Amino acid sequence: MATTTTAFASPQSPPFSSLPHLHLRAARSAQTKPAFLSALRTALLDVGFLYLDYTGDAVLPEALVQDVVREGIGFFDLPEEEKRRIEMKHQKSFLGWSRLDNETTASRPDHREQLDLSTPHPLPGPTAPNYHNLLAPNQWPSAELLPRFQPVLEAYMVALGRLSSFFIQLVAEALGMPPDAFARFFDADQQHKLKLVRYPEVGPEVAAEDEQARQGVGPHKDSMLASFLLQASAQRGLQVLNAAGAWVDAPPEPGTLVVAFGQGLEALTQGVAKATTHRVLSPYAGQGARYSIPFFQGVSYDARFEEMEVPDAVRALKRCRGGEDDGVDFAFVKGRWGHLGEATLVNRVRSHPDVGERWYPEIVARIRGEQQ
């Protein structure tokens with residue numbers, strides 16, 4: 001649906017104090033879709049985050065969501081030796097289990113353990129570029145210990161793949177572009193990523209207000225186009241940085257996914273849809289562990305972001321949101337990388353140096369040289 005976009009331009013938007021709420025079912029009705037697209041446009045321009053209410057939408061049944069929560073939390077109760085069997089460092093793909101405090105964000109360890117999965121792919125051939133190592137089969141826990149785990153998680157990734165494909169069409173329409181504007185940045189067998197994350201509570205010696213010591217995951221911006229976070233327990237922790245430099249809470253809300261727009265979308269829209277910095281604080285002592293299940297919509301690793309010419313009407317939407325210099329690295333600087341896969345691989349090595357040292361020592365050496 002074509003829209004007149006220049007009327008929405010604004011020199012600067014006020015800092016947000018909460019995340020907008022959108023109902024997915026409203027996008028499927030001709031009567032309610034225009035209002036949905038208007039609200040989505042505002043979220044894209046001014047916030048970079050939103051709650052997406054999926055209740056009543058057939059693509060994501062609540063029974064499947066509850067199965068995913070149950071199986072996902074159950075994974076972390078497995079014996080340590082079983083989790084070590086599928087540890088991330090065993091493979092070049094960065095898929096598998098990562099032990100507590102092993103991942104690094106903003107130069108500090110993240111107080112979380114996690115399992116990284118993706119939609120299934122075979123191993124790349126011998127002549128494939130290095131970044132195609134990210135395309136690989138998953139490392140699954142034992143079916144004897146968790147018999148429903150693999151089928152449930154695979155069904156969820158299929159459902160979120162469909163939901164994210166529909167949603168990115170809505171993003172295009174909200175920005176006054178054709179629904180298929182982003183289609184050429186996806187492969188026919190697109191790889192999406194899924195994480196199961198456990199944030200254990202910190203020790204009683206850590207004060208609740210000591211935010212640095214409570215780093216579950218440090219300040220960062222998501223990659224790709226959009227991510228869809230299922231907050232799988234009642235513990236708070238997710239916070240989004242507004243233009244005034246204030247952290248805004250995004251507490252768990254039943255029946256919703258928290259959608260974050262990524263650096264890939266910002267690059268493709270020439271800064272119109274901004275990626276927003278966010279973090280997670282670990283629960284303090286006595287709160288219990290926080291669980292979350294983020295899904296990351298994939299983009300072809302062979303994509304070149306500078307290919308997209310953003311229409312003048314879309315560029316006219318670009319707003320000054322303030323607070324741009326937050327110290328978070330922007331991965332997709334035009335001309336820095338030949339393909340998305342190169343940037344993605346380097347980012348993974350930065351986050352998981354144990355995998356990098358084993359499989360990508362030349363990238364580790366380059367990163368350390370740049371840091372020096």
Side-chain angles (χ1 to χ4, degrees), residues 15-19 47-49 76 88 94 97-116 195-223 227 229 231-252 258 260-263 274-294 296 321-331 346-357 364 367-368 370-372:
F16 60 88
S17 58
S18 62
L19 304 190
V47 185
F49 268 78
F76 296 102
M88 185 182 287
F94 295 88
W97 176 68
S98 184
R99 65 185 67 186
L100 187 66
D101 297 326
N102 191 60
E103 186 171 6
T104 300
T105 305
S107 302
R108 291 180 58 85
D110 296 325
H111 192 57
R112 61 176 178 171
E113 65 168 310
Q114 62 191 29
L115 177 68
D116 282 59
K195 286 179 182 282
L196 307 176
V197 188
R198 175 179 177 268
Y199 299 94
E201 59 183 37
V202 295
E205 74 282 357
V206 177
E209 63 273 12
D210 188 348
E211 296 178 347
Q212 192 172 62
R214 291 178 58 206
Q215 175 171 311
V217 58
H220 68 287
K221 298 174 182 177
D222 285 354
S223 302
S227 58
L229 172 67
Q231 300 193 80
S233 63
Q235 287 76 7
R236 303 163 78 100
L238 175 63
Q239 296 184 326
V240 183
L241 189 66
N242 72 11
W247 290 105
V248 176
D249 284 328
V258 177
F261 300 114
Q263 295 187 26
K274 301 288 288 188
T276 302
T277 300
H278 53 287
R279 69 181 182 182
V280 175
L281 296 180
S282 296
Y284 50 80
Q287 284 191 315
R290 168 185 163 88
Y291 296 91
S292 65
I293 305 174
F296 302 92
R321 283 166 53 183
E324 303 298 338
D325 186 15
D326 54 15
V328 174
D329 180 57
F330 191 79
V346 170
N347 283 347
R348 297 300 282 162
V349 171
R350 282 199 184 105
S351 297
H352 296 277
D354 59 332
V355 182
E357 288 169 357
V364 172
I367 291 171
R368 288 173 177 166
E370 291 172 354
Q371 291 171 340
Q372 291 174 356

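Residue numbers count from 1 along this sequence. Because the structure is predicted, anything quoted here is derived from the model rather than measured.
With a 4.5 Å cut-off on side-chain heavy atoms, Val47 and Phe261 do not count as touching. Between Val240 and Phe16 there is a side-chain heavy-atom pair separated by less than 4.5 Å.
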Walk me through it: do Glu113 and Arg99 pass the test side chain to side chain contact (heavy atoms under 4.5 Å, CB included)?
CA-CA 5 Å; Glu113 65 168 310; Arg99 65 185 67 186; 5.7 Å; no
Using the side chain to side chain contact (heavy atoms under 4.5 Å, CB included) rule, take Gln239 and Leu281 through it: C-alpha gap first, then chi angles, then the decisive distance, then the call.
CA-CA 8 Å; Gln239 296 184 326; Leu281 296 180; 3.7 Å; yes
Step by step, would you call Arg368 with Glu357 a salt bridge (Lys or Arg N to Asp or Glu O under 4.0 Å)?
CA-CA 12 Å; Arg368 288 173 177 166; Glu357 288 169 357; 2.7 Å; yes
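When every heavy atom of Val217 is checked against every heavy atom of Asp110, the shortest pair comes out as CA-OD1, 3.2 Å. Contact detail for Val206 and Ala213: the closest heavy-atom pair is CG1-CB, 3.7 Å. Shortest non-hydrogen contact noted between Pro219 and Thr277 is CB-CG2, 3.9 Å. Contact record, Thr276 with Gly48: OG1-CA, 3.4 Å, taken as the closest heavy-atom pair. Smallest separation of non-hydrogen atoms from Ala289 and Pro200: CB-CA, 4.1 Å.
A salt bridge between Asp116 and Arg348 is present, with a side-chain N of the basic residue lying under 4.0 Å from a carboxylate O of the acidic one. Between Arg279 and Glu211, at least one side-chain nitrogen of the basic residue sits less than 4.0 Å from a carboxylate oxygen of the acidic one, meeting the salt-bridge criterion.
Counting non-hydrogen atoms of other residues, nucleotides and ligands closer than 6.0 Å to OH of Tyr291 gives a total above 12. Other residues, nucleotides and ligands place more than 12 heavy atoms under 6.0 Å from the CD atom of Glu370.
Separation of atoms OG (Ser292) and CZ (Arg198) is listed at 12.0 Å; rounding is to 0.5 Å. One finds the OG atom of Ser282 at 11.5 Å from the CG atom of Asp210 (value rounded to the nearest 0.5 Å). Annotation: the span from Ser98 atom OG to Lys195 atom NZ amounts to 7.5 Å, rounded to 0.5 Å. Rounded to the nearest 0.5 angstrom, Asp249 CG and Ser17 OG are separated by 11.5 Å.
Side-chain contact annotation: Gln231 with Arg290, donor-acceptor N/O pair under 3.5 Å present. Of the N and O atoms on the side chains of Gln114 and Trp97, not one donor lies less than 3.5 Å from an acceptor on the other residue. Side chains of Arg350 and Asn347: a donor on one and an acceptor on the other come within 3.5 Å. Using a 3.5 Å distance cut-off with no hydrogens or angles, the side chains of Gln263 and Asp222 do not pair a donor with an acceptor.
For the side-chain contact (heavy atoms from CB on, under 4.5 Å) criterion with Leu229, the lone passing option out of Val280, Leu238, Val197 is Leu238.
Under a 3.5 Å cut-off, the side chain of Gln215 and the backbone N or O of Ala106 do not form any donor-acceptor pair. No donor-acceptor distance shorter than 3.5 angstrom exists from the side chain of Thr104 to the backbone of Pro109, with no hydrogens or angles considered.
Ring geometry, His352 versus Phe94: the interplanar angle falls from 30° to 60°, so the pair is classed tilted.
Residues His111 and Tyr199 place their aromatic rings such that the two centres sit no closer than 6.0 Å.
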